[in-house]
Amino acid sequence: MDLNLSGRTIIVTGASSGVGLATTRLLLAEGAQVAACARDGERLRSVLSDLPGASPHRLFTASCDVTDRDSAQRFTDAVLGEFGSIDGLVCNAGRSLMATLDDTDDQAFRDEFELKIFGSWNMVRAARKALAESGAGSVVNVNAILSRQPESRLAATSAARAALLNLTHTLAETLAEDGTRVNSVLLGLIDTGQWRRRFESSGTTLSYDEWSAEIAANRGIALGRFGNADEVAFHIVTLLSPRSSYTTAATIDVGGGVARYV
Ligand code: NDP
C-alpha cells in the first residue's frame with residue numbers, strides 16, 4: 001500500500017539511535033524527505049549517512065537540543081530553508097530515568113519534565129504554521145505505556161510521561177483547528193541504545209538475550225520479549241501517513257502486551 005509519504009517532509013527528533021533511527025530509515029524507504037536532529041550532530045551524520053536513500057536532497061541533519069526553544073526554532077527554520085515545507089513531526093528525542101522518588105533529586109525531576117514536555121512543545125510551536133500549510137500535517141509524540149501505568153522505579157519518568165499524554169490530547173484539540181493531527185505511540189520495553197547501556201552497566205554475567213528475556217518475564221510481557229525499533233517505527237509512519245486522516249488524539253500501544261489496563 002502506498003502511504004502517500006513520497007515527497008513529504010518529516011522532522012524526526014532523536015534520530016541518531018533506536019526508534020528515531022528506525023523511523024528515519026523507514027521514512028526514507030517510503031520516499032519522504034527527512035529532517036533529522038539530535039544533540040550530537042557528528043554522531044547523527046555518521047549514523048544516518050549510510051542509510052539507503054540518504055542523499056543530500058532527501059536527508060537533512062543538524063544538531064538541535066529540543067529542550068531549548070531557540071535551538072528548536074533554529075532547526076525548524078533551517079528545515080524550511082532546505083525543503084520549503086513541513087508535513088510531519090515526530091517528537092521522539094528522550095531517555096528515561098531509572099530512579100524511585102527517594103532517589104530522584106529536584107533537578108533530575110525537573111529535567112525529566114523539561115525533556116518530555118518541552119521536547120514536544122518547543123518543536124510543535126516552531127513547526128505549527130508550516131504543518132498547517134501542509135494541509136496534511138501530522139505530529140506523533142513518542143511516549144510510553146508508563147504514562148498510563150506508572151512504575152515506582154521510574155517515578156519522575158512516569159509522571160512526566162503522563163503529563164505528555166495529557167498535553168498531547170490538548171495539542172490534538174488545538175491543532176485540529178489547523179487541520180493538523182496529533183497522536184501518541186506508547187512504548188513498552190524496546191531494544192534500543194537505552195537498554196544496551198543498562199545491560200552494559202548492569203555487571204550481569206548473562207548474555208544480552210538472556211538478560212532481556214529475564215526482564216521480559218519479570219515484567220509480565222505477554223509476548224515474552226522486548227520489542228524492536230522497527231516494530232515501533234511502523235506505527236509512527238502509519239500515523240504520519242495522510243491515509244490516517246481521521247485519526248487524531250489517539251494512542252497506539254507497542255508493548256507486546258505489557259499493559260495491564262483495558
Ligand atoms: P535512544 O537512547 O536509543 O535514543 C535517544 C535519541 O534521542 C538519541 O538520538 C539522542 O541523541 C536523542 N536525544 C536525547 N536527548 C535529546 C535532546 N534534548 N534533544 C535532541 N535529541 C535528544 O532512545 P530510544 O530509541 O530508546 O527512545 C526513543 C523514545 O522512546 C524516547 O523518547 C524514549 O523516552 C521513549 N521510550 C523508549 C522506551 C524503550 O524501551 N526504549 C520505552 C518507553 C519510551 P543525543 O544524545 O545526541 O541528543
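As the structure lists them, so they are numbered: ligands from 1, and atoms in each ligand from 1. Remember, it's a predicted structure, so these values are computed and weren't measured experimentally. Just the heavy atoms: all of them, side chains too, but no hydrogens, waters or symmetry mates, feed the values below.
Under a 4.0 Å heavy-atom criterion, W195 is in contact with ligand 1. C37 does not count as a contact of ligand 1, since none of its heavy atoms falls under 4.0 Å from the ligand. Not a single heavy atom of A229 lies less than 4.0 angstrom from ligand 1. Under a 4.0 Å heavy-atom criterion, N143 is in contact with ligand 1. Residue-ligand proximity: D65 is placed with a non-hydrogen atom under 4.0 Å from ligand 1. Not a single heavy atom of S96 sits less than 4.0 Å from an atom of ligand 1.
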Item to check | R225 and D191: CA distance, side-chain angles, deciding distance, salt bridge (Lys or Arg N to Asp or Glu O under 4.0 Å) verdict | outcome: CA-CA 9 Å; R225 62 171 176 87; D191 177 11; over 6 Å; no
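Heavy atoms of E114 found under 4.0 angstrom from ligand 1: none, in either backbone or side chain. For R161, every heavy-atom contact with ligand 1 shorter than 4.0 Å involves the side chain, none the backbone.
In the vicinity of L189, heavy-atom distances shorter than 4.0 Å reach the ligand 1 atoms 40 (O). Residue V142 approaches ligand 1 through these ligand atoms, each under 4.0 Å from one of its heavy atoms: 29 (C), 30 (O).
Compare N122, T192, V90 by their heavy atoms: the one nearest to atom 24 (P) of ligand 1 is in T192. The residue among V47, L187, L97, T13 with a heavy atom at the shortest distance from atom 36 (N) of ligand 1 is L187. In this comparison of A36, A93, G94, the heavy atom closest to atom 5 (C) of ligand 1 sits on G94.
Of the residues listed (D178, D87, T180), the one engaging S134 in a side-chain hydrogen bond (donor to acceptor under 3.5 Å, both in side chains) is D87, and it is the only one.
Pairing each heavy atom of S120 with each of L171, the nearest pair is OG-CD1, 3.9 Å. Nearest heavy-atom pair, R219 versus R260, reported as atom, atom and distance to 0.1 Å: O-NH2, 3.6 Å.
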